[in-house]
Amino acid sequence: FIALAGAHGGIMARSHAWAAHAKVCVAVGFVVMGGCGADMSGGGFGPADPGLPTSPPTSPAPTGSKWKGVEVTGDCGRSTLAWVLVDEMCADTDAPGYLDALRSPMFRDGTLIDDTLYVVDATRLWVLDVAQTEPKRLGVLGGLGHPVAIANHGGRLVIASGEAGLLMLEPKLPGVPVPFAELPLPGPALDVFIEGDRAVVAMGKAGLAVIDLAPTLAVPPASPKLLNVVPSPGFAVGVATRTSYAFVAACDTFAVVHLQTGELVGQSWLKAYDASEILTAPARDIALVDDRAFVAAGRHGVVEVDVAKPATPQLLGECTEPYDQSFYVSGVRAEGQRLFAAAGEWGVRALDV
């Protein structure tokens, strides 16, 4: 199951009816709120209409994106306000409302235990019975901070909940799970990957948290233990591990980090920014298959990286829909030799790796 399907319709750039013009780029759209003259096609000269709004567009941003207001200089030499579509996870990460911007009406991640699917939407945890073709809601749980990623450890739920850190819940069927342990972290918990009894959490600019989950299996269960905090370049929003290595989707870079020594082992990525310093190739999520990493990269789709030699990761190519602005990959899952890319309003793309 892919629990990363957007609830919005539309294309990559939306605007007010007043918009002077709209420009759609590979990963961002500009909606200029104002112009140089009364001709709303963007031509002409003179002062802009004072009645033009300077608030964000009322339409929701396309899946995976958010609106950002920026000042631009028009043809008449004065500044006006434009609204830019930027990546929701990787842009304005220092803004006070950064995590709140993720509370859009979409499931962001999920884990399946038997016939029950547990999904998070940055606001709540949803419990769905998927034994039949039509899913049935069993319960909804709030008060978990910003739950954006979820995993399964020994039949228990492990949730990366933003500023609430790492939360653990015991499934109780039918109904909602019961929280039984939590671990505050030095940065926002944005993704979690579990290998054995070890969890690694992506924490933005705070790097990676390495956590021992073994205490939670005791009777009675104890809280997980923070073992180490490992630095990472960029802004870590996605992580996958294999033995001693962590492979990190860090917005403007892809990095390989050694979990024991904290060493930056290797690093590589596409040209991440355009001429306006807008991030156009956001590295957001990772799935590992054999010696390859498949990275969710927005409008660049899925980027394949050869990690057979962790010190020298090699970019192999990308799979995208270059002419369809609704195609925006924010998550990837691997099942054997099949890869599933959550591509926003475009839908889910299944790939043979």
Side-chain angles (χ1 to χ4, degrees), residues 2 4-15 19 21-32 56-57 59-70 82-93 101-102 104 106 108-109 148 190-191 234-238 248-254 268-287 292-305 315-333 339-351 353:
I2 295 278
L4 287 137
H8 311 313
I11 58 174
M12 278 299 294
R14 298 193 179 98
S15 69
H21 56 277
K23 173 185 176 184
V24 180
C25 303
V26 170
V28 294
F30 284 96
V31 180
V32 178
S59 300
T63 301
S65 305
K66 61 185 176 183
W67 293 111
K68 176 183 178 181
V70 296
W83 291 97
V84 185
L85 283 171
V86 295
D87 188 82
E88 62 175 357
M89 291 290 291
C90 293
D92 284 346
T93 55
L102 303 179
S104 54
M106 60 180 283
R108 295 186 168 274
D109 198 9
V148 291
L190 302 175
D191 192 24
F235 189 85
V237 295
V248 188
C251 288
D252 62 0
T253 190
F254 170 84
S268 182
W269 194 233
L270 308 170
K271 181 181 178 182
Y273 296 93
D274 66 9
S276 301
E277 294 302 310
I278 299 296
L279 180 65
T280 58
R284 294 185 45 145
D285 194 21
I286 296 178
R292 288 172 289 172
F294 295 89
V295 184
R299 285 284 296 122
H300 285 266
V302 179
V303 176
E304 183 178 2
V305 186
L315 299 176
L316 298 180
E318 59 189 77
C319 179
T320 189
E321 291 286 339
Y323 305 110
D324 190 335
Q325 295 293 331
S326 70
F327 191 85
Y328 197 89
V329 176
S330 56
V332 284
R333 285 286 187 278
L339 188 76
F340 299 90
E345 284 128 306
W346 188 94
V348 177
R349 164 160 282 180
L351 301 166
V353 300

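Along the sequence shown, residues are numbered consecutively beginning with 1.
- Partners of Trp269 by ring pair (Phe, Tyr, Trp, His ring centres under 6.0 Å), not counting sequence neighbours: none found.
- Atom CZ of Phe235 is separated from atom CG of Asp252 by 11.0 Å, given to the nearest 0.5 angstrom.
- When the side-chain hydrogen bond (donor to acceptor under 3.5 Å, both in side chains) test is applied to Thr320, no partner is found at least two apart in sequence or on another chain.
- Nearest heavy atoms, Asp285 versus Ala249: N-CB, 3.7 Å.
- Atom-to-atom distance recorded for Phe254:CZ and Leu315:CG is 8.5 Å, nearest 0.5 angstrom.
- Between the side chain of Arg349 and the backbone N or O of Phe327 there is no donor-acceptor pair closer than 3.5 Å.
- Heavy-atom minimum distance, Leu351 versus Cys319: CD2-SG, 3.9 Å.
- The two residues Tyr328 and Pro282 come nearest to each other via the heavy atoms OH-CG, 3.6 Å.
- With hydrogens and angles disregarded, a donor-acceptor distance shorter than 3.5 Å links the side chain of Arg299 to the backbone of Asp324.
- Taken to the nearest 0.5 Å, the NZ atom of Lys68 stands 4.0 Å off from the CG atom of Asp92.
- Note: Met89 CE to Asp191 CG = 7.5 Å, rounded to the nearest 0.5 Å.
- A pairwise comparison of heavy atoms in Arg284 and Asp87 identifies NH1-OD1, 2.9 Å as the closest pair.
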Let me see the working for Trp346 and Val329 under side-chain contact (heavy atoms from CB on, under 4.5 Å), right down to the final yes or no. CA-CA 9 Å; Trp346 188 94; Val329 176; over 6 Å; no

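- Here the closest non-hydrogen pair linking Gly331 and Ala296 is N-CB, 3.7 Å.
- Interatomic distance, Arg108 CZ to Leu190 CG, rounded to the nearest 0.5 Å: 10.5 Å.
- The distance from atom OG1 of Thr280 to atom NE2 of His300, rounded to the nearest 0.5 Å, is 4.5 Å.
- Here the closest heavy-atom approach between residue Ala297 and residue Val303 is recorded as CB-CG2, 3.8 Å.
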Does the side-chain contact (heavy atoms from CB on, under 4.5 Å) test come out yes or no for Val237 and Cys251, once each step is laid out? CA-CA 7 Å; Val237 295; Cys251 288; 3.9 Å; yes

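- For Glu88 (side chain) and Ala101 (main-chain N/O), no donor-acceptor pair under 3.5 Å exists by modelled atom type.
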